Amino acid sequence: MKKLFVMLMAIVTAVAMLCAGCGGDKKAAPSKEAPKAKILRVATEPSFAPFEFQKEGSKEFTGFDIDLIKALGTKAGYKVEVSNMGFDALIPALQAGNIDVAIAGMTITDERKKVVDFTAPYYNAGLIVVVHKDNNTIKGFKDLANKKLAVQIGTTGEKQAHKVPGAKVTAFNTNVEATMELKTGGAEAVINDRPVAEYFLATGGGDKFAKTVGDVLEAEQYGIAVKKGNKELLDALNKALADAKKDGTYDKIYKTWFGAAK
Ligand code: GLN
């Protein structure tokens, strides 16, 4: 009887130890590792310096928007991963849930607001006309009628071009191709965002063949787009943007790409 009792106790102890071993391991393991940051799938269209572009000889994306979304994502507790696609593919990708965020110098418009949600504005832009530097007949938007215009597909520039009476509009996949069309004489003017046109003339070698003319057409504001109804992410990005404006992060990034604090 006593032997049996001892044996039973031994079995009970062994089972208890085994269970403690397995259970304990399972529970202890995750607490030893740092919690993994959630991934924020960001997409852009990188022919839009200084907002997003690839440095020569590098596949890496760089620019104001890239620095901004990395800073905001980090503030909101995400690991940011950036991929690229055509500008006109960004909104469909958000709608399909293939990406979480689009940042691409994207103007907040009423039309886009019907299908995606935007953060608070993060940059003020507007459209401008770019012509060949020897062109002295086009002096602004009012002179574009019946002209050959090059634009990037799906942009506010393209929309504006289609409003010009008699204009022959060619929409290119990238902004760089639209500008090349001006260089080669296939187009007489490009409609582009002011900061991008200015950067191209000052830094991208554009001043060798191009110039901007006339006034900036109506103010546009850039926003970061998320899938319609993704309130959690929208709130997190808006909070991070407000924090970045308060704590100097935004100004630092602005200085990097535009030379002076906003
Ligand atoms: N701001 C313009 C738009 O939203 C152009 C953007 C771009 O070409 N990346 O349509």
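What you see is a predicted model, and the numbers here were worked out from it, not measured in a lab. Keep in mind that the numbers below use all heavy atoms, side chains included, and drop hydrogens, waters and symmetry copies. Indexing begins at 1, ligand by ligand and atom by atom, following the structure's order. Residues take their numbers from the sequence shown, with the count starting at 1.
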Practice item. For ligand 1, note which part of Thr155 has a heavy atom under 4.0 Å away: side chain, backbone, both or neither. Key: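 Both backbone and side chain.
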
Review point. Do the charged groups of Lys75 and Asp247 touch, with an N to O distance under 4.0 Å?
Key: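 So Lys75 pairs with Asp247 through a salt bridge.
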
So for [X], does at least one of its heavy atoms come nearer than 4.0 angstrom to any atom of ligand 1?
X	result
Asn175	no
Phe51	no
Glu52	no

Any idea which protein heavy atom is nearest [atom], and the distance to it?
atom	result
atom 9 (N) of ligand 1	Ala104 O, 2.9 Å
atom 8 (O) of ligand 1	Gln152 OE1, 2.7 Å
atom 10 (O) of ligand 1	Thr156 N, 2.7 Å
atom 6 (C) of ligand 1	Gly105 O, 3.3 Å

Please list, in number order, the atoms of ligand 1 under 4.0 Å from a heavy atom of [X].
X	result
Tyr222	1 (N)
Asp193	1 (N), 2 (C), 5 (C)
Met106	4 (O)

Practice item. For residues Leu241 and Ala120, report the shortest heavy-atom separation together with the two atoms involved. Key: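 Result for this residue pair: CD2-O, 3.6 Å.
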
Say you draw a straight line from [atom1] of [X] to [atom2] of [Y]; how long is it, rounded to the nearest 0.5 Å?
X	Y	atom1	atom2	answer
Ser47	Gln54	OG	CD	10.0 Å
Leu127	Thr156	CG	OG1	4.5 Å
Ile128	Leu201	CD1	CG	9.0 Å

Point to revise | Winner among Glu45, Gln221, Arg112, Glu220 once heavy atoms are compared against atom 3 (C) of ligand 1 | key: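 When every heavy atom of Glu45, Gln221, Arg112, Glu220 is considered, Arg112 comes closest to atom 3 (C) of ligand 1.
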
**Study point:** Centroid-centroid distance, Phe258 to Phe51, less than 6.0 Å
**Key:**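 Distance test on ring centres: under 6.0 Å, yes.
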
Point to revise | Sub-6.0 Å ring centroid separation between Trp257 and Phe48 | key: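 Trp257 vs Phe48: aromatic centres not under 6.0 Å.
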
Point to revise | Whether Phe64 and Tyr123 hold their rings parallel, tilted or perpendicular, with breakpoints at 30° and 60° | key: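 Taking Tyr123 first and then Phe64, their aromatic rings stand perpendicular (interplane angle over 60°).
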
